[in-house]
Amino acid sequence: MKQHWDLHDLIEHFTLLPPEVRFLGANSPHNHLGKALLLKFFQYEGQFPESGAELPASVVEYVAQQLNLTETHFHDYEWEGRMIRDHRQQVRTFLGFAPATLENQQELRAWLIHEVLPHEYRLSHLEQRAYARLRSLHLEPPPSARMDRLVRSALHAYEQTFFAETAARLPEAVKLNLQQLIYHKQDLTQDIDLTDAEADDPSLYPLHDLKSTAGEAKVSAIQKVAERLKYLQAVGLPADLFRGFPLPFLRQYQQQAAVESLSHLQRREQEEHTYTLLAAFCWVRQRELTDQLVDLFLRVLQDIRLRAKQRVERELLVDYIRVGGKQQLLYRIAGAMWDNPDGIIREVLYPLVGEERLKALVKEAKSKGTYRLSVQTRVSGSYTHHYRRILPPLLAVLTFRSNNERYQPLLEALGVVASYLQEKDPFYPDDQEVPLAGVIQKQWQSWLYQKDRTDGQRRIRRVRYELCVLQSLRNKLRCKEIWVEGADRYRNPAEDVPADFSENRTDYYAALALPVEAEQFVEKVRTQMTQALQELNDGLPTNPAVKILTKGGGWIHLSPLSKLQEPTNLRYLKLAVRERWWMTSLLDILKEADLRIGFSDSFQSLTGQERLPRDELQKRLLLCLFGLGTNTGLTRVSMGRHEVSYANLQYIRRRFVSKEALRRAIACVIDATLAIRQPEIWGEAGTWCAADAKQFAAWDQNLLAQWHPRYRKVGVLVYWHVAKQALCVYSQVKTPSSSEAALMIEGVVRHCTAMQVDRSYVDTHGQSEVAFAFCHLLGFQLMPRLKNLHKQKLSLPDKAVGVKYPHLTPVLGGAIDWDLITRHYDEMVKYATALRLGTADAEAILKRFTRNNLQHPLYKALAELGRALLTTFLCSYLTHESVRREIQAGLNVVENWNSANSFILYGRGGEISTNDQDAQEIVLLTMHLLQSCLVYVNTLMTQEVLADPTWRARMTEADWRGLTPLFYAHVNPYGTFELDMASRIPLVA
């Protein structure tokens with residue numbers, strides 16, 4: 001149970017109703033209070049507390065007040081003996097519950113095996129489902145230790161059955177192919193003696209090569225990835241081998257196969273296990289490689305065009321500088337035409353310019369063509385002489401599909417391209433039907449034709465047609481109108497939404513708290529929009545901060561916020577912390593947080609086997625996490641006086657540290673920080689988070705790192721979700737070109753902390769009309785700080801109501817098409833459900849609804865809903881200064897979080913020195929964990945200082961407003977790395 005409750009939640013969940021008061025009867029004060037707390041705890045949790053420590057102090061105090069008692073009476077309640085047994089039995093009888101028998105527990109185990117697994121396989125989530133199941137059956141769960149064994153037993157039994165059934169379904173030929181992954185590249189049938197060095201070299205085994213990263217976007221990388229994909233396709237796994245199994249479930253076995261030693265996989269006594277691990281590895285890796293290959297293809301085409309643009313622009317600039325008289329010549333011609341509007345060209349312009357000069361200008365213009373044509377010609381040259389080599393491997397291993405008849409001509413064009421790959425004739429024959437309509441843009445159709453020197457006829461040149469087809473394919477892959485067989489992110493978009501949406505439509509609507517009837521939903525949005533417009537219009541004459549101007553077709557002028565009072569005592573508070581805990585080691589802060597929270601328990605062996613004692617494993621984990629999170633590396637950390645070698649740390653990194661484990665550990669630290677916070681110091685826990693991105697320098701020989709014009713450097717993008725008082729609840733590592741709106745939605749929906757988010761503050765890049773629509777459907781409000789506020793337009797609820805808002809006339813836009821929203825309401829809810837359930841990530845779904853897919857009817861409906869919600873928000877933003885300050889303060893929190901990143905990630909100048917995408921993400925997630933531990937320990941330190949009444953009296957309103965636990969002047973992240981598990985930071989227990 002969470003430790004901090006606000007008054008509203010206490011009233012809702014812990015108020016004693018009259019029948020409950022009568023049930024309590026008359027008892028001695030401590031037994032009376034203890035019985036009442038058992039009752040309310042059981043009503044909320046579905047089980048009894050195992051000790052008094054599980055009951056938050058605020059709950060004890062609230063229940064005691066209702067009984068005219070004090071919370072001190074609870075200290076005398078005995079947790080063993082006849083009295084508490086009687087109380088528990090009475091509570092069970094009153095609530096209609098019974099203890100779960102052994103038979104009930106076996107039935108629960110069977111239910112987990114047959115109904116829950118494998119769609120939910122995470123241990124903690126399985127326990128939650130088990131507790132919920134017992135509660136629905138009005139059964140009291142067994143003790144937590146017994147429940148843990150029961151859930152683990154169900155998971156183990158399911159896995160053993162899964163291994164046996166999977167191995168039984170594999171043909172012998174496929175098993176032989178799987179064995180070849182873990183043996184030397186020499187044929188298994190050959191009797192060849194290998195040297196010890198050859199036997200130990202992992203690079204000589206196919207499995208090692210299949211685990212390699214894709215590298216940067218270039219021809220050789222595409223060829224290499226295509227070879228790996230072709231190898232996996234040749235393994236011959238049955239198409240339906242893992243049908244119905246969620247990819248995250250299979251990914252855990254892929255990770256186990258990837259980190260397991262070859263000698264362990266080669267053991268004959270574990271054949272079923274080994275075959276299943278290798279099959280899962282091939283299945284998941286095949287989808288990853290398919291996605292990588294599509295990513296490489298998209299990046300290569302983008303890079304070709306970007307480089308062509310840069311070269312053409314340089315040539316135009318040189319030409320402009322070299323022939324500077326062109327501009328003056330244009331002015332002279334314009335002046336002559338103005339002075340002689342009725343004159344004859346030969347008489348007026350020829351003497352001014354000269355006939356020969358005019359001919360030269362025309363000839364030069366024809367030779368150079370337009371800017372777009374010059375770029376396309378340059379792209380064609382690069383493709384013809386170098387990049388055309390990507391086409392055969394791409395078409396050999398990728399199969400493209402579409403669910404839309406409109407794009408079938410593009411698939412037919414790909415077939416034509418593939419059928420002529422081996423031909424030497426540069427032109428398509430006259431009798432070959434080459435699709436143009438719906439494939440090639442009209443502006444390029446004439447460009448495809450060139451004169452055939454053999455007969456002088458104009459025909460379609462193959463390389464130009466191939467280039468245009470690939471460019472069209474790129475555009476449609478990005479919005480998933482074209483999808484790829486065997487892919488994950490580029491899969492059939494029909495698989496992104498829940499397959500059972502129609503059958504469970506009512507339940508899915510209820511989960512989102514949305515009305516089933518579209519008209520009811522639309523009417524509520526329309527009413528809110530109308531009220532917001534009216535409020536802004538009526539208050540505008542008396543609102544000194546906002547002015548609606550007529551310039552530029554309508555201009556919103558907003559005055560900056562006035563400066564708030566500066567905190568006067570926070571500097572001295574930080575000095576007090578610094579004096580009491582002078583130069584505390586960052587490694588000790590990590591250790592102290594783990595000793596109090598136990599987040600290291602989140603790191604389990606990816607192989608399922610642990611042989612190290614847990615205390616030694618904890619020590620090595622902390623050193624490994626410190627080396628990764630500070631970017632100093634495992635080599636430097638191993639140099640400290642802690643008797644842990646570099647090889648030990650490498651073992652821990654490979655076997656225990658994963659992205660999923662890091663996210664679990666981060667969630668533990670965040671929840672623990674929320675639990676220890678004193679509301680009188682930090683205020684009530686907020687329900688908002690601010691989201692923003694920051695780029696980190698990284699090696700660029702991979703698909704994750706990119707150069708981005710906004711950041712002006714090469715690196716990876718980290719998108720933070722930071723809540724009140726520097727609590728970073730989620731982080732994502734993506735490419736700098738990723739949609740920040742999609743990342744914002746993903747973080748709010750996916751964070752695994754106990755915090756509930758109902759508002760998300762973002763900057764201009766984190767919002768869009770479609771994002772406004774999805775945020776509303778998912779139950780939280782998108783609140784951006786718009787850089788281009790002056791350009792915004794306010795939509796109208798109806799066409800004829802513009803006269804009701806005379807003060808807003810210059811910035812009023814078109815009316816909302818409510819009928820369009822009504823018609824596609826069910827589809828919008830279906831995709832919102834997909835986001836909530838995680839059947840696809842937000843970026844994959846939002847790709848379908850971008851300006852690249854303007855004609856999609858659902859995109860139009862989402863955009864209309866987004867325009868209505870944006871108008872409502874803008875009206876509130878302009879009307880209320882408090883809303884503007886709220887957003888500003890929230891975004892300042894995430895900026896403060898960003899400012900501390902370089903202090904934590906100080907190694908190697910803050911550059912992530914690896915091309916492995918998973919390793920890059922692990923470094924940044926570990927930094928997130930370290931910074932969260934710093935916030936946790938700083939929270940304790942600050943509360944200990946402010947426990948002094950003298951300090952409390954000094955704090956002003958501005959001090960309380962600016963108080964944050966994210967500071968580090970008292971922390972030493974450098975020096976010799978020593979880890980004494982017996983020493984502690986002097987903090988109150």
Side-chain angles (χ1 to χ4, degrees), residues 1-3 38 41-42 44-55 79-80 84 88 92 97-163 248-249 252-253 255-256 594-615 617-618 621 655-656 658 660-669 671-672 675 752-754:
M1 177 179 284
K2 66 179 184 178
Q3 295 300 303
L38 289 180
F41 188 98
F42 195 98
Y44 186 80
E45 292 284 339
Q47 58 183 317
F48 290 113
E50 296 184 2
S51 68
E54 294 185 36
L55 287 156
W79 286 88
E80 294 181 359
I84 192 170
R88 286 172 174 166
R92 290 191 206 102
F97 276 71
T101 63
L102 286 176
E103 182 181 357
N104 296 142
Q105 294 175 32
Q106 291 303 314
E107 291 173 352
L108 177 64
R109 180 176 178 272
W111 177 79
L112 289 172
I113 293 173
H114 298 295
E115 301 295 333
V116 180
L117 288 159
H119 299 286
E120 183 52 79
Y121 61 91
R122 294 166 293 182
L123 201 60
S124 59
H125 290 69
L126 282 174
E127 287 189 359
Q128 292 175 9
R129 294 288 295 273
Y131 279 116
R133 173 70 173 177
L134 291 176
R135 186 169 189 168
S136 68
L137 297 174
H138 280 240
L139 294 173
E140 179 194 355
S144 58
R146 169 67 182 165
M147 196 69 165
D148 180 68
R149 291 195 301 272
L150 187 149
V151 172
R152 290 180 183 274
S153 172
L155 181 59
H156 178 75
Y158 180 84
E159 283 187 332
Q160 297 308 307
T161 303
F162 173 69
F163 293 155
F249 173 75
Q252 63 179 333
Y253 300 115
Q255 290 179 339
Q256 185 173 343
D594 186 38
L595 292 175
R596 288 173 176 263
I597 302 169
F599 65 77
S600 59
D601 293 338
S602 302
F603 296 89
Q604 306 293 329
S605 173
L606 295 175
T607 64
Q609 300 176 355
E610 296 182 15
R611 296 180 177 84
L612 282 172
R614 196 65 201 181
D615 55 347
L617 176 61
Q618 181 188 28
L621 263 172
R655 292 292 186 97
F656 289 87
S658 66
E660 293 76 14
L662 283 165
R663 292 200 184 280
R664 290 195 297 269
I666 291 167
C668 286
V669 177
D671 289 340
C752 297
T753 68

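This structure is a prediction, so every number in the text was calculated from the model and none was measured.
Below 30°, between 30° and 60°, or above 60°: for Tyr253 and Phe249 the angle between ring planes is above 60°, a perpendicular geometry.
Pro99 and Leu139 get closest at one heavy-atom pair: O-CD2, 4.3 Å. Cys668 and Phe599 get closest at one heavy-atom pair: CB-CB, 4.2 Å. The two residues Glu54 and Pro49 make their nearest non-hydrogen contact at OE1-CA, 3.7 Å. Residue Ser602 comes nearest to Arg664 through the heavy atom pair O-NH2, 2.9 Å, listed as atom of the first residue, atom of the second, then distance. Between Glu610 and Phe603, the closest heavy-atom pair is OE2-O, 4.3 Å.
Under the 6.0 Å cut-off for aromatic ring centres, Tyr121 and Tyr158 do not qualify, their centroids lying 6.0 Å or more apart.
In this structure, Gln256 CD and Leu606 CG are separated by 8.0 Å, a value rounded to the nearest 0.5 Å.
Checking Arg146 against Gln105 by side-chain atom types alone, a donor-acceptor pair falls below 3.5 Å. Judged purely by distance below 3.5 Å, without hydrogens or angles, the side chains of Ser144 and Glu50 pair a donor atom with an acceptor atom.
Among the candidates Arg135, Gln47, Arg92, the single residue satisfying the side-chain hydrogen bond (donor to acceptor under 3.5 Å, both in side chains) test with Glu140 is Arg92.
A salt bridge links Glu120 to Arg122: one of the charged nitrogens lies within less than 4.0 Å of a carboxylate oxygen.
His156 NE2: 12 or fewer foreign heavy atoms inside a 6.0 Å radius.
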